[in-house]
Amino acid sequence: LTDEAIWRERAFEQMDFILTGQNTDKDDPNYGVVHTAFSLIDYGPAGKGFNSVDRGTNPGWKPDLNAHLARYMLKMWKLVKDHEGIDRKNWYNSAILAINWVLRQHNNDGGLPQKVEMAPYEVRMGEDWMGTNQVENVVLNIGERSMSTASGRALAALYDIHKITNDLRYKNVMEDVEDYTLKSVQSQYYFTGFHPDLPPPDLEEAGIWGVCEYWLNRYEDTGDEEYLNHAKANAYLALTWWCPKQLSWVENPTQCASVEQQHYLQYSVYCYQNRKVECLKRLFNYTQNPLFNELGERVLQNIYFTQTTSGNLMGATHERICDPWLARVGETEGEADFNSLGTSYMSEQSLDCFLQTLLMYREGRDIYYGEGLINKIYPDGICYYNVDISKHKKVNLSVLPSEGNIIIVVNTWDDKYKKWTVSDVTEEKISTINKLGDLKLNTWYNVYVNNEIHGNYQSDQEGTIRFLYTGNLSYPSTFVVK
């Protein structure tokens, strides 16, 4: 098996595994909800296997996480269906059951609760909840919904779910949650509840970026500057959680690290189930404010700093980049280790940032960056070019590699000259079939590669030429048709 085939097989296995964590009892009020944790060891009341106890500290069904899960299940279903012709209806149905459960948890104030209580109080932790003195906010009876919190996952999820299903129910709830967010979250600077293992009222930074992603999506759809203003406001608010400089007593990087939550005072940089790095890139694209570009690059480098590069945990990222205060019980004895990196994360906390990097620089709508236009050309010749905020022209161009992927950079494009640059990581010769449209019908064109004539080709009845090129693309090669 190739690496790609292995990844595909693992993805299918993971999707099928998730389905086994869903409540399939139609007579249960929580029919459709999916557990948000899987324990390899027995943490206590929940035992091993699927549960929603979240390390024993904040048990409950989690609407925001279920919306997040439904979003990616539907995106996976659509991707496999569109590109491979495989319709995994069980994935689709499971996602719909999960998001419909989320809709049933809608609070009267228009928001979504952080959790729906599922465990009797006596099986939970003591009255002084993890030292937060917030017991009045977390003591719920079974079936009761918590206070509404910042739906950083659910807003972006409902946006995508409505796009995929075209079901107005999801759009209507999305707009209700949007109204709640404006009224009770953003206007109050009160982003809470994003961490499933912490109580609903806990302030945190990660949810800001989920909402920021939603505003950017709405801006792209409508062109309404008000949505872009909301996204910028979210980003500036998030900066108040960030360290502005290098702390003198810490060796690890501290600038642009963030205090992720009020309960654990530490500096973290990972993307906590949000698209923080991608949001910063998109904000730069739409505003041309260099600050957003610089912040995005710095955060990305900080995340790379926390990545494990050797051993059996290679590829994982650490939960924090440093601990300037060592404020937690058990970590204040002996010599203070301000450079502690904490626990290694190997699931979505580690993966999502790197998936964002791939999307930004290899494919999709968010890769427009700088003067060039970069896109991934898939082995089947599918090329994703779009018109973006920088007004790049939509290009009728595809390149079919003999194997693997090709990076296309369109440096210039006008009515007279068709010019693009092709590169690939391999140092071997690679054959590509180049297809260029929107030309005059039945007309001869010269094709130049690196300023040397490659050949003369006639366009067909549809104004398209096709030509084969074989060469070493480890260094960029420039193609011109005229």
Side-chain angles (χ1 to χ4, degrees), residues 14-26 28-39 46 49-55 58-78 90-107 110-119 140 142-165 167 169-174 176-177 180-181 192-198 200 206-207 210-211 213-214 272-275 347-349 352:
Q14 182 67 19
M15 289 289 287
D16 291 336
F17 173 69
I18 290 170
L19 267 58
T20 64
Q22 187 164 44
N23 184 336
T24 57
D25 182 357
K26 294 182 179 180
D28 192 314
N30 289 302
Y31 171 54
V33 69
V34 180
H35 278 298
T36 52
F38 185 91
S39 298
F50 274 109
N51 64 77
S52 290
V53 172
D54 293 303
R55 295 186 289 187
N58 191 34
W61 306 113
K62 306 301 191 315
D64 204 42
L65 282 173
N66 268 259
H68 188 65
L69 172 66
R71 173 194 193 184
Y72 283 97
M73 289 184 76
L74 285 173
K75 286 169 74 75
M76 181 72 166
W77 165 80
K78 188 176 188 305
N90 56 338
W91 296 353
Y92 179 91
N93 292 336
S94 179
I96 294 300
L97 288 178
I99 193 61
N100 286 347
W101 174 83
V102 173
L103 263 58
R104 298 199 302 273
Q105 312 315 312
H106 202 182
N107 277 336
L112 290 171
Q114 186 221 34
K115 69 172 185 174
V116 178
E117 188 53 68
M118 56 174 285
L140 301 169
I142 293 179
E144 285 185 339
R145 299 191 290 267
S146 76
M147 60 179 283
S148 294
T149 56
S151 298
R153 302 178 189 89
L155 267 176
L158 288 164
Y159 173 87
D160 277 346
I161 292 169
H162 170 248
K163 291 286 186 182
I164 293 172
T165 65
D167 191 324
R169 290 179 300 167
Y170 308 127
K171 182 175 184 289
N172 293 336
V173 174
M174 178 188 79
D176 283 348
V177 177
Y180 169 81
T181 301
T192 63
F194 204 76
H195 290 259
D197 57 332
L198 293 174
V211 178
E213 179 195 359
Y214 172 75
Y272 192 92
Q273 295 166 2
N274 61 41
R275 308 191 70 80
S347 58
E348 78 281 0
Q349 316 295 20
D352 202 69

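As the structure is a prediction and not an experimental result, all values here were calculated from the model.
In plain terms, the two heavy atoms of N30 and N23 that are nearest each other are O-ND2, 3.3 Å. The nearest pair of heavy atoms linking P200 to T149 is O-CG2, 3.5 Å. Pairing each heavy atom of P113 with each of S146, the nearest pair is CB-O, 3.3 Å. Shown here for P29 and R104, the closest heavy-atom pair between the two residues is O-NH2, 3.3 Å. Q114 and P63 make their closest contact through O-CD, 3.3 Å (heavy atoms, listed as atom of the first residue, atom of the second, distance). Annotation for I161 and A70: closest pair CD1-CB, 4.0 Å, computed over non-hydrogen atoms.
With respect to W77, the ring-ring contact (aromatic ring centres under 6.0 Å, His included) criterion is satisfied by exactly one of W91, Y72, Y92: Y92. The only member of N66, L74, L158 that meets side-chain contact (heavy atoms from CB on, under 4.5 Å) when paired with I99 is L158.
For Y170 and N100, the side-chain atoms include at least one donor-acceptor pair closer than 3.5 Å.
Annotation: the span from L198 atom CG to T192 atom OG1 amounts to 11.0 Å, rounded to 0.5 Å. For the atom pair CZ (F38) and OG1 (T20), the distance works out to 7.5 Å, reported to the nearest 0.5 Å. With rounding to the nearest 0.5 angstrom, the CG atom of D167 is 7.0 Å from the CD1 atom of I96. In this structure, CG on D176 lies 11.5 Å from OG on S151, to the nearest 0.5 angstrom. If you take CG on N90 and CG on L97, they are separated by 11.0 Å, rounding to the nearest 0.5 Å. Rounded to the nearest 0.5 angstrom, H68 NE2 and Q273 CD are separated by 5.0 Å.
The shortest side-chain heavy-atom distance between M174 and L155 falls under the 4.5 Å cut-off. Between H35 and W61, some side-chain heavy-atom pair lies under the 4.5 Å cut-off.
Side chain of D64 to backbone of K62: no donor-acceptor contact under 3.5 angstrom is found. Without hydrogens or angle criteria, R145 side chain to Q105 main chain gives a donor-acceptor distance under 3.5 Å. Side chain of K115 to main chain of P59: a donor-acceptor pair is present (N/O by atom type, distance under 3.5 Å, no hydrogens or angles).
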- Pair R153-L65, side chain to side chain contact (heavy atoms under 4.5 Å, CB included): steps then yes or no: CA-CA 7 Å; R153 302 178 189 89; L65 282 173; 3.3 Å; yes
- Task: Let me see the working for T36 and L69 under side chain to side chain contact (heavy atoms under 4.5 Å, CB included), right down to the final yes or no.
- Result: CA-CA 9 Å; T36 52; L69 172 66; over 6 Å; no
- Message: Let's go through E213 and N274 carefully: what are the C-alpha distance in whole Å and the side-chain angles of both, what is the deciding distance for side chain to side chain contact (heavy atoms under 4.5 Å, CB included) to 0.1 Å, and is it a yes or a no?
- Response: CA-CA 8 Å; E213 179 195 359; N274 61 41; over 6 Å; no
- In sequence, state the C-alpha distance, the side-chain angles, and the governing distance for Q22 and V33, and then conclude on side chain to side chain contact (heavy atoms under 4.5 Å, CB included). CA-CA 6 Å; Q22 187 164 44; V33 69; over 6 Å; no
